[in-house]
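Lettering follows sequence order; numbering is per chain, from 1.
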2 protein chains.
Amino acid sequence: MSENMVLDRKDYLIMQFLQENGWLQTKELSARIGLSNSATAQRVKLLKEAGYIESAHAVVQRDIMGAHLEALFLMELDKHDEEIVEEFMREIVQLPEVLSAFLVTGRHDVVVNVVAQDMLHLKKLAFEQFTNRPFITRIETSMVYASRHSRVLQPLM
Amino acid sequence: MSENMVLDRKDYLIMQFLQENGWLQTKELSARIGLSNSATAQRVKLLKEAGYIESAHAVVQRDIMGAHLEALFLMELDKHDEEIVEEFMREIVQLPEVLSAFLVTGRHDVVVNVVAQDMLHLKKLAFEQFTNRPFITRIETSMVYASRHSRVLQPLM
DNA sequence: ATTGAAAGGTGTTGGCC
DNA sequence: GGCCAACACCTTTCAAT
């Protein structure tokens, strides 16, 4: 029942509403999509079991966490040995300051989105966690004036 | 009660656990932090009312949404008139293909994280929504091989 | 902060259309 | 498949300690 589940419009609606608001209750959700409470709960359960709904996460205010500055590190790597790069990506995303990391083609090789308390913190982060590593040949730091995030991925078809 | 709330370690624990798993129930949460059910529910309610916990969002599998490709658009703008740029940021993050957008200092001016079904889709997106606009002077498209996201913002102090 | 109670929501299951 | 009813469990809010 989980692998080859066929999704209809109501399943996509459920996923859209739960992306917009992860705290939406079954009662409200069922009212919106026009199904009974139990039918809706069933679908949500199946969508989770099938892995189509992966997880949910609360979003907290940044300042309360001391994240007053945001930046992008645009980095170039020396050797693109897959193992090293994959391990590097896994490692950095564990750092409390790292929000996301992208392994990319083009002028840069890795783009990392970080937060920091202040410039001193950012400097220490850059030097002690990145400049540090021998396979990183260059880091360009772009300060972020403003960032916006869409938390809802809609069907593109 | 909402503005100048003093947060203790248990409040930070609550926020950490709810960032890791937005579906955590009060019962489980209270057991983890060592408080009674109702005390925990109270704290969560206050944290939400104070705006420290802003929202929650389910995360869905990308392929099911047809998002098979990911890219970064690294863009340079002609004139940095604040109104135009702010409006531009607001607009693009509404597009279904745009996951996030960063207004930054440095070599680039705006970095946009997008998804697309395929190369044709990506090309149309780039040309019809970005290259299009008169104030965008250059776009560099970096394909994303892999991306990782931390959904938990820890206190940096 | 805790306990206990009341009211309402949840999630599951079984019977039925 | 969806619906309904029923049941056990959990949540939320309140007052009292």
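- B/F73 pairs in a side-chain contact (heavy atoms from CB on, under 4.5 Å) with only one of the listed residues (B/N113, B/L122, B/I136), which is B/L122.
- Using a distance-only test at 3.5 Å, with no hydrogens or angles considered, no donor-acceptor pair links the side chain of A/S142 to the main chain of B/V104.
- The residue from B/L77, B/I92, B/I139, B/I84 that alone fulfils the side-chain contact (heavy atoms from CB on, under 4.5 Å) condition with B/R133 is B/I92.
- Under a 3.5 Å cut-off, the side chain of A/H57 and the backbone N or O of B/Q19 do form a donor-acceptor pair.
- Residue B/Y145 places its OH atom among 12 or fewer non-hydrogen atoms of other residues, nucleotides or ligands, all under 6.0 Å distant.
- Sequence neighbours left out, the pairs with a member in residues 101-120 of chain A that pass ring pair (Phe, Tyr, Trp, His ring centres under 6.0 Å) are A/F102-B/H149, A/H108-B/H108.
- B/E20 pairs by the side chain to side chain donor-acceptor pair (under 3.5 Å) definition with B/Q16, not counting sequence neighbours.
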If a protein heavy atom is under 4.0 Å from the base, mark B; if only from the sugar-phosphate, S; if neither, -; do that for nucleotides 11-17 of chain D going 5' to 3'. SSB----
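- The side chain to side chain donor-acceptor pair (under 3.5 Å) check on A/D63 picks up A/H68, with sequence neighbours excluded.
- Bounding nucleotides for the chain B contact on DNA chain C, 5' to 3', at a heavy-atom distance below 4.0 Å, are C/dA1 to C/dT3.
- Within residues 11-18 of chain B, no residue is approached by DNA chain C to less than 4.0 Å at the level of any non-hydrogen atom.
- A salt bridge links A/R43 with A/D8: the distance from a Lys NZ or Arg NE/NH1/NH2 to an Asp or Glu carboxylate oxygen falls below 4.0 Å.
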Show, in sequence, the C-alpha distance, side-chain angles and deciding distance for A/K48 and A/E54, and conclude whether the salt bridge (charged side-chain N to carboxylate O under 4.0 Å, His left out) test is met. CA-CA 6 Å; A/K48 288 179 183 175; A/E54 294 177 353; over 6 Å; no
